[in-house]
Amino acid sequence: MSQSGEFDLIARFFAPLASGYPGAYDLTDDAALLDVSDGNPRVVATDMLVEGVHFLPDDPADRIAQKALRVNLSDIAAMGAEPEGYTLAMSLSTLWDDAWLEAAAAGLRVDQDRFGVHLLGGDTVSSGGVASLSITVIGSVPNNQILRRSGAVSGDDLYVSGTIGDAGLGLRLLQENDDSGIDPALRAAAISRYQLPEPRLRLGLALRSLVNACIDVSDGLVADLTHLAESSDVAAILDLAAVPWSAAVEACADYAVARRITAGDDYELLFAAPASRRSAVEAAAETSGTVVTRIGSFASGAGIRILDPAGDEIEVDDTGYRHR
């Protein structure tokens, strides 16, 4: 029995179901675009978190629920949209009792207040096996200001927000119950990046009129850069010497660079902007309170070139997380 990979599966079975609705973009982007009468189209993003795949069974309930919301908010940020509300569907584990649900709801309340969204509805079912949460976020964006994966052109700069590889390190520390000899505060910071990603909503809004293409880093820096380059029909050049690392990542000498740039769950924004707008991009990032780093460029052609600090091209065996 054969099984298609995630993107082949979408293209073969589900993209045809989206045909005829322009805002669905043939299911090739992070969210759909809903055209409404107030002149501000809506974007819709859905992600599911599954126990043992996207969170660990003993992760805190509030953080599991918050992560489920935040990964969807990250998709909204990558579209340059502002979130309005969300729906929640849960397949409940037998271990998720009232106390667990109370903690999960409390976590969602914290994030609702922080990000200005409200629960609009949903569904819950009992599961005899693995637990999961699925959230759909609805946001709005002015006409002609939506950010998409396609649009990068040869000569554009490549930027990323925040730091890369932290979530992968946090997951490793949890799975191996390993402190890697790093300071406890750095260990806690890496674990928090895995369990509680930071959706770059303010940055996404600030970049609306400045960038040509944008995606969030969910599957890993290399994998998502590949998606962006392919959607834009250009080649990407990644300069490893420029990729930003956190203090926690730098403290782990055995955390290989190849693993850092292919680990998922960072949920930073990766975007293309004209070189002529460098000052404007830096100013927008500062206004949003988010650090961005120029880590490469785009050129004509296809594929990704990864350059080491000496400028030599290298290859990585694992390009990033694959859903199936």
Side-chain angles (χ1 to χ4, degrees), residues 30 70-71 73-80 147-149 151-152 155-170 190 193-194 197-208 210-232 234-250 255 257-275 277-299 304-309 316 319-321:
D30 287 316
R70 290 182 179 210
V71 299
L73 291 174
S74 183
D75 279 338
I76 294 294
M79 305 290 284
L147 304 179
R148 296 194 56 201
R149 297 180 182 184
D156 276 355
D157 288 330
L158 170 64
Y159 289 88
V160 73
S161 65
T163 54
I164 291 297
D166 299 89
L169 174 60
R193 283 293 305 276
Y194 170 69
E198 185 67 30
R200 302 299 187 181
L201 288 162
R202 292 182 62 191
L203 178 61
L205 296 177
L207 294 176
R208 277 176 177 170
L210 299 174
V211 310
N212 288 334
C214 186
I215 190 172
D216 71 328
V217 181
S218 56
D219 297 338
L221 178 63
V222 172
D224 288 307
L225 180 55
T226 299
H227 301 329
L228 194 154
E230 289 180 347
S231 295
S232 298
V234 292
I237 302 170
L238 176 62
D239 180 4
L240 285 182
V243 177
W245 315 120
S246 69
V249 166
E250 290 188 322
Y255 189 26
V257 170
R259 179 56 184 156
R260 300 176 193 181
I261 61 175
T262 55
D265 280 343
D266 282 321
Y267 294 101
E268 297 292 350
L269 294 188
L270 186 69
F271 58 95
R277 295 178 182 167
R278 288 178 184 174
S279 296
V281 167
E282 292 169 0
E286 184 175 359
T287 299
S288 73
T290 307
V291 175
V292 300
T293 305
R294 184 157 47 93
I295 60 170
S297 60
F298 293 89
I304 293 182
R305 295 176 58 204
I306 303 175
L307 306 181
D308 67 14
V316 293
T319 59
Y321 179 76

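When reading the values below, keep in mind they use all heavy atoms of this one structure, side chains included, and skip hydrogens, waters and symmetry mates.
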Could you measure the distance from the CG atom of L201 to the OG atom of S288? Nearest 0.5 Å is fine. 10.5 Å
Return the OG1 to CD distance between T293 and E268, rounded to the nearest 0.5 Å. 9.5 Å
Minimal heavy-atom distance between A206 and L210, with the atoms involved, is O-CD1, 3.7 Å
Looking at side-chain heavy atoms only, is the closest gap between L221 and L238 below 4.5 Å? yes
Quick one: does any side-chain atom of R260 pair with a main-chain N or O of I164 as donor and acceptor, under 3.5 Å? no
Can you confirm whether V257 sits close enough to L240 that some side-chain heavy atom of one is under 4.5 Å from a side-chain heavy atom of the other? yes
side-chain contact (heavy atoms from CB on, under 4.5 Å) between L270 and D216: does it pass, once the steps are laid out? CA-CA 6 Å; L270 186 69; D216 71 328; over 6 Å; no
Name the residue from V234, I304, I215, L158 that meets the side chain to side chain contact (heavy atoms under 4.5 Å, CB included) definition with L228. I215
So does E282 pair up with R277, basic N to acidic O under 4.0 Å? no
Closest heavy-atom pair and its distance - R149, S232: O-OG, 2.9 Å
Could you pull out the closest heavy-atom pair between A167 and G264, with the gap in Å? CB-O, 3.6 Å
Closest approach of G80 and R208, non-hydrogen atoms and distance? O-NE, 2.6 Å
Give me the atom names and distance for the closest heavy-atom approach of P244 to G162. CG-O, 3.2 Å
Given V316 and R259, is the side-chain contact (heavy atoms from CB on, under 4.5 Å) satisfied, shown in steps? CA-CA 9 Å; V316 293; R259 179 56 184 156; over 6 Å; no
Quick one: pull up OG in S74 and CE in M79 and give me the separation to the nearest 0.5 Å. 12.0 Å
Polar side-chain atom of Y255 near backbone of L169 as donor-acceptor pair, under 3.5 Å: yes
Roughly how far, to the nearest 0.5 Å, is CZ of R294 from OH of Y159? 5.5 Å
Side-chain (T226) to main-chain (V222) donor-acceptor, under 3.5 angstrom: yes
Heavy-atom distance under 4.5 Å between the side chains of V71 and D265, does that happen here? no
Using a 6.0 Å cut-off, check whether atom CD of E250 has over 12 heavy atoms from anything other than its own residue. yes
What's the spacing between L203 CG and T290 OG1 if we round to 0.5 Å? 5.0 Å
Would you mind reporting whether R202 and R200 have side-chain heavy atoms less than 4.5 Å apart? no
Shortest non-hydrogen contact from A299 toward I237: CB-CD1, 4.3 Å
Just checking, is any N or O donor in the side chain of S246 or D166 under 3.5 Å from an acceptor N or O on the other one? yes
Examine distances only and state if a side-chain atom of N212 and a backbone atom of A272 form a donor-acceptor pair shorter than 3.5 Å. no
From SG (C214) to CG (L207), nearest 0.5 Å: 6.5 Å
Passes side-chain contact (heavy atoms from CB on, under 4.5 Å), D157 versus V281? Steps please. CA-CA 10 Å; D157 288 330; V281 167; over 6 Å; no
Short side-chain to backbone donor-acceptor contact, S161 and L269, under 3.5 Å: yes
Does any N or O in the side chain of D224 come within less than 3.5 Å of the main-chain N or O of S218, such that one atom is a donor and the other an acceptor? yes
side-chain contact (heavy atoms from CB on, under 4.5 Å) evaluation trace for V160 with V243: CA-CA 8 Å; V160 73; V243 177; 5.7 Å; no
